[in-house]
2 protein chains.
Amino acid sequence: MKKVKRTTIYDIAAKLGITASSVSRALNNSSQVNEKTRELIIKTADELNYKRNTLASNLRKGHSKTIGVVVPRINQNFFSNVIAGIEETTYQKGYNLIICQSGEVHDKEIQCVNTLINQHVDCIVISVSADSYDYQHLQNVLDHGIQLIQFDRVAEELETLKVINDNEQASFEAVSHLIENGYKRIALLEGPQNLNIFRQRKNGYLRALETHKVKVIDELVVENAWTKELGAEATRKLLNLPHPPDAIFASTSDFSALGVLEVANVMNIKVPSELGICGYSNEAFTEITSPSITTIDQFSVYMGKTIGNLFFQEIANVEVSVKPKIISIKPELIIRGSTKKNSSL
Amino acid sequence: MKKVKRTTIYDIAAKLGITASSVSRALNNSSQVNEKTRELIIKTADELNYKRNTLASNLRKGHSKTIGVVVPRINQNFFSNVIAGIEETTYQKGYNLIICQSGEVHDKEIQCVNTLINQHVDCIVISVSADSYDYQHLQNVLDHGIQLIQFDRVAEELETLKVINDNEQASFEAVSHLIENGYKRIALLEGPQNLNIFRQRKNGYLRALETHKVKVIDELVVENAWTKELGAEATRKLLNLPHPPDAIFASTSDFSALGVLEVANVMNIKVPSELGICGYSNEAFTEITSPSITTIDQFSVYMGKTIGNLFFQEIANVEVSVKPKIISIKPELIIRGSTKKNSSL
DNA sequence: CTGAAAGCGCTTACAG
DNA sequence: CTGAAAGCGCTTACAG
């Protein structure tokens with residue numbers, strides 16, 4: 001690739017025998033420039049194939065018109081949907097997205113955040129990684145005067161903008177649904193409890209049991225079963241218990257629920273009559289397993305749009321924003337075959 | 001969000017009574033700076049919570065250490081996997097990714113590309129949108145001296161770096177597999193033929209038929225059936241033909257194949273005994289439908305890594321690079337239940 | 001090893 | 001409406 005000298009506003013100015021100031025003004029739709037000169041400038045810019053150097057422009061203007069996004073994994077349905085949603089709302093306002101993935105590793109997350117601070121992004125949108133134990137790096141973002149929006153997995157103690165799901169309520173509804181459908185011994189597959197979302201989901205489970213006067217059975221609550229493999233492993237143990245559960249709420253993910261379903265199939269346990277299954281996230285595949293899996297839709301693309309809009313709202317009224325603003329999106333329980341104990345399907 | 005004055009190298013210099021030059025050198029690990037001063041500078045930078053302004057640094061150095069990526073949709077498995085792969089290789093070399101989605105719309109694609117040129121990215125990685133009809137905007141990238149890497153869906157006539165799948169061969173193998181398993185009337189669901197990938201897949205289909213001396217039946221080749229809905233629609237028509245096919249190769253995607261499977265189920269046509277189905281992409285769900293769907297794995301994360309590595313290879317030897325370089329990745333046929341006509345499963 | 005100065009490409013208050 | 005000048009925050013050849 002040969003080094004190409006790009007045309008600058010000086011080149012255009014020189015060609016027309018005017019100054020760069022005028023060129024800049026014309027190109028920025030400033031009102032204080034003669035209509036004739038403007039046209040001439042735009043025409044010349046076009047001829048010379050001029051492209052503004054956004055770097056220089058942003059440096060001068062003191063912002064980058066860039067939003068940094070940090071997620072555990074780009075190629076995970078929920079996150080890629082949120083990103084798509086953010087992109088949709090921010091792109092049309094001329095903002096660019098810089099995307100980083102932390103890979104669920106705290107140290108890489110810190111690195112990502114620092115890179116974004118260096119880039120002088122106007123806003124950092126983040127969903128923290130599973131092994132995050134300290135939030136100094138996020139505090140640092142705030143200290144640099146950068147807008148910070150946490151979503152889904154958030155550090156609750158940090159006073160920032162947050163866009164979250166009402167996980168507790170969604171969980172409550174899912175477990176209530178199981179109880180109301182006649183399931184009596186409902187197991188919970190839980191995720192890392194240092195993440196708010198998994199704590200909330202557990203709380204929803206507990207509240208549902210309490211509300212319906214079902215007592216909690218400790219051996220039916222399994223820690224850290226948040227992948228398909230771990231879900232399957234947990235299920236094997238659960239189903240081999242002297243008193244096995246008759247329903248499993250895979251609160252961590254649909255992948256985990258899938259693990260449950262596969263083990264049930266292998267062990268020849270009928271779903272939903274002998275075992276009810278409920279997942280979380282409404283992954284595409286939950287609709288097409290047999291039976292299809294009851295799950296919870298998080299409206300991830302919508303969540304992304306909400307994040308984008310929240311950002312623009314904030315920069316619109318810089319003064320007002322004092323206290324942390326939290327937007328909670330209500331997920332929706334999607335009832336499918338895997339929990340229809342009493343129906344004929 | 002209050003406006004925060006960030007600390008610059010001048011602040012550090014002032015505090016230590018030296019010049020910004022030395023601070024810059026110290027922070028860039030230049031050898032020409034006293035070890036003692038360096039330590040002092042680094043310590044002070046830390047105390048003042050200094051973060052380099054990458055914008056300014058890049059402007060001065062004439063590059064952005066940023067790679068732009070344009071894909072039709074971020075939240076499509078194949079693309080999000082490729083992006084994840086690119087990110088993995090480029091991040092560790094200090095490059096950032098700016099991601100845009102064209103939404104399969106030519107005009108937005110042009111806009112995205114222009115934005116990236118404005119951003120002075122060092123490289124643009126793109127998979128063109130389905131309705132692209134002209135490639136002036138890509139030529140423009142080259143004209144600006146920006147590295148251009150096309151992947152998967154490429155404008156073949158443009159001489160750029162390309163990372164592609166050997167779609168023709170993969171298709172050939174898939175259709176050969178169907179023929180060898182006893183299927184006789186194999187339908188093809190094809191995608192927009194202005195995209196190279198779909199042309200190649202069709203060619204593979206045709207070559208397989210020819211090689212096995214099966215003649216092409218025009219009514220079994222359906223145009224533009226590349227979503228689940230369109231796949232389903234095409235299938236309804238095909239199966240209602242006087243001489244319906246006994247296998248359908250959904251060359252466009254697994255979603256399309258899923259549409260086929262669902263229609264077959266509704267019409268009570270047995271898969272794989274009465275109808276064989278082969279998809280494309282190895283989406284997660286293909287493994288768990290019943291029967292599971294035979295498909296083609298494109299190694300999408302690997303593809304992303306390949307793209308990243310190709311870029312670094314190119315910038316490593318700027319001089320050498322003359323002719324276009326094409327890296328072709330061989331996809332793998334994954335045989336599953338949906339095409340096992342003769343076995344008992 | 002350190003400093004003074006120029007410059008990356010833009011924008012914008014200040015004059016006129 | 002246009003120009004001259006300063007400055008965004010860095011880096012780097014040039015002196016010493």
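The sequence lines fix the lettering, A, B, ..., with proteins before strands; numbering per chain opens at 1.
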In whole angstrom, what separates [X]'s [atom1] from [N]'s [atom2]?
X	N	atom1	atom2	result
B:Arg6	D:dG9	CZ	P	10 Å
A:Asn53	D:dC8	CG	P	18 Å
B:Lys36	C:dT2	NZ	P	12 Å
A:His120	C:dC10	NE2	C1'	17 Å
B:Leu55	D:dG7	CG	C1'	15 Å
B:Leu59	D:dG7	CG	C1'	12 Å
B:Ile41	D:dC10	CD1	C1'	15 Å
A:Lys51	C:dC10	NZ	C1'	17 Å

Residues within residues 13-20 of chain A bordering DNA chain D, heavy-atom distance below 4.0 Å: A:Ile18, A:Thr19
OP1 or OP2 of D:dG7 under 4.0 Å from side-chain N/O of B:Tyr10: no
For A:Arg52, salt bridge (Lys or Arg N to Asp or Glu O under 4.0 Å) partners two or more places apart: none
Salt-bridge criterion met for B:Lys43 and B:Glu39 (N-O under 4.0 Å): no
Residue whose closest nucleotide on DNA chain C lies nearer the 5' end, B:Asn34 versus B:Ala56: B:Asn34
Option among B:Thr37, B:Thr44, B:Asp11 that satisfies the side chain to side chain contact (heavy atoms under 4.5 Å, CB included) test with B:Leu16: B:Thr44
Candidates B:Val70, B:Val154, B:Leu138, B:Val71 - the one meeting side chain to side chain contact (heavy atoms under 4.5 Å, CB included) with B:Val128: B:Leu138
Let me have the donor-acceptor pairs involving side chains of residues 110-118 of chain B, under 3.5 Å, with sequence neighbours excluded, atom names and distances please.
{"residue": "B:Gln111", "atom": "OE1", "partner": "A:Tyr91", "partner atom": "OH", "Å": "3.4"}
{"residue": "B:Asn114", "atom": "OD1", "partner": "A:Lys51", "partner atom": "NZ", "Å": "3.0"}
{"residue": "B:Thr115", "atom": "OG1", "partner": "B:Gln111", "partner atom": "O", "Å": "2.8"}

Stems involving DNA chain D, each a run of at least 3 consecutive Watson-Crick or G-U pairs under 3.5 Å: C:1-3 with D:14-16, C:5-12 with D:5-12, C:14-16 with D:1-3
Approximate separation, where rounding is to 0.5 Å, of B:Phe78 CZ and B:Ile83 CD1: 10.0 Å
B:Ser300 OG to B:Gln76 CD distance, which is reported to the nearest 0.5 Å: 11.0 Å
Starting the side chain at C-beta, find the nucleotide from [options] nearest to [X].
X	options	value
A:Lys5	C:dC10, C:dG9, D:dC10	C:dG9
A:Ile9	C:dC10, C:dT2, D:dC10	C:dC10
A:Gln32	D:dG9, D:dC1, C:dC10	D:dC1
B:Lys61	C:dT2, D:dT12, C:dG9	D:dT12

Any side-chain heavy-atom pair of B:Asn29 and B:Arg38 under 4.5 Å: yes
Under 3.5 Å side-chain donor-acceptor pair for A:Gln313 and A:Asn309: no
B:Phe151 backbone acceptor or donor facing B:Ser127 side chain under 3.5 Å: yes
Those residues of residues 21-28 of chain B lying under 4.0 Å from DNA chain C by at least one heavy atom: B:Ser21, B:Ser22, B:Arg25
Sugar-phosphate only, base, or nothing, as touched by B:Ser31 at under 4.0 Å among non-hydrogen atoms: sugar-phosphate
Touch class at under 4.0 angstrom, heavy-atom based, for B:Thr54 against every strand present: nothing
For B:Glu109, side-chain hydrogen bond (donor to acceptor under 3.5 Å, both in side chains) partners two or more places apart: B:Ser129, B:Ser132, B:His137
For A:Gln119, the option from B:Asn96, B:Asn53, B:Thr54 that meets side chain to side chain donor-acceptor pair (under 3.5 Å): B:Asn96
